[in-house]
Each structure stands twice: as C-alpha cells, then as structure tokens.
Amino acid sequence: SEVLASEQMLDKTVEKAELSFDGEHGGFGGAPKFPRGYLMELLLMYAHQGPDAPRRNAAKRIVQLTLTKMVLGGVNDQLAGGFH
C-alpha cells in the first residue's frame, strides 16, 4: 500500500541521516556544514510519531545535538534569537 511505502521511505531516510550524523559536532558529514532545515523538521516529525522507538530516540538526539552545537557555535540570531 502507499502508506506502507511512505513509512518505509521515511524509515530509510532517517536511517541514512543516522549513518551520516556527526555525533561529536552535530550536523551531517564533514566540514563545511550547512544547516538542513528540511531534515531537522523530518527528524522531529519522526521523533514524535515514527513507528520505531529506538529510531525515534535517535532522531530526537540528532536534532537536539545539532541545534545545541549550532547555538554554541554562533549560528543563530544573537539579538532576537532563533535560526535563519
């Protein structure tokens, strides 16, 4: 069914994100790194409602570490807060 195919594609995307995730510095791959807002949004969605509990936790950890490292690295609006 289409729903099953979509779920499988989403699982595969999250799996690939896990494999390319930089667990030390956040983000994906090596330098230079550029924020991937679309991927962060997808991982947050998966962390909230994905079918695989361990992968949901991994997705949440990826987003948390990446955003934390972005803030600590100065990749945010210093006056108003948030990301651009």
Side-chain angles (χ1 to χ4, degrees):
S1 92
E2 274 187 45
V3 173
L4 181 59
S6 294
E7 287 177 0
Q8 289 173 338
M9 191 165 41
L10 182 57
D11 280 342
K12 193 68 168 171
T13 301
V14 173
E15 179 184 350
K16 287 184 179 227
E18 285 182 84
L19 292 173
S20 68
F21 177 61
D22 179 345
E24 183 178 349
H25 302 288
F28 305 91
K33 294 183 182 193
F34 297 96
R36 297 180 187 177
Y38 65 92
L39 187 52
M40 295 289 102
E41 188 173 349
L42 182 136
L43 290 169
L44 280 174
M45 181 185 73
Y46 192 93
H48 181 68
Q49 58 193 16
D52 182 272
R55 190 158 283 147
R56 278 197 316 265
N57 292 334
K60 182 178 177 182
R61 186 179 67 79
I62 289 169
V63 172
Q64 286 176 329
L65 181 65
T66 297
L67 295 179
T68 298
K69 293 293 186 169
M70 286 172 64
V71 167
L72 294 175
V75 185
N76 61 314
D77 185 326
Q78 301 293 318
L79 299 176
F83 300 102
H84 297 275

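All values reported here derive from a predicted model rather than from experimental measurement. Hydrogens, waters and symmetry mates play no part in the numbers below; they use all other heavy atoms, side chains included.
Following chains of ILVMFWY side-chain contacts shorter than 4.5 Å, one cannot reach L19 starting from L39, and the two form parts of different hydrophobic clusters. When the side chains of ILVMFWY residues are joined at heavy-atom separations under 4.5 Å, either directly or via intervening members, I62 and Y38 end up in a single hydrophobic cluster.
Judged by distance alone, with hydrogens and angles left aside, the side-chain atoms of S20 form no donor-acceptor pair with the main-chain N or O of F28 at under 3.5 Å.
Within the 4.5 Å cutoff, side-chain heavy atoms of K12 are placed close to those of E15. Counting only heavy atoms from C-beta outward, the side chains of T66 and M70 approach each other to under 4.5 Å. L10 places a side-chain heavy atom less than 4.5 Å from the side chain of L42.
The CG atom of N57 sits 9.0 Å away from atom CG of D52, with the distance rounded to the nearest 0.5 Å. Separating the CZ atom in R61 from the CG atom in L43 is a distance of 11.5 Å, to the nearest 0.5 Å. Put simply, NE2 on H48 and NZ on K60 are 11.5 Å apart, with the number rounded to the nearest 0.5 Å.
In this structure, a donor-acceptor pair under 3.5 Å is present between the side chains of D11 and Y46.
Between K33 and H25, the closest heavy-atom pair is NZ-CB, 3.9 Å. The minimum heavy-atom distance between L65 and G26, with the atom names listed, is CD2-N, 4.1 Å.
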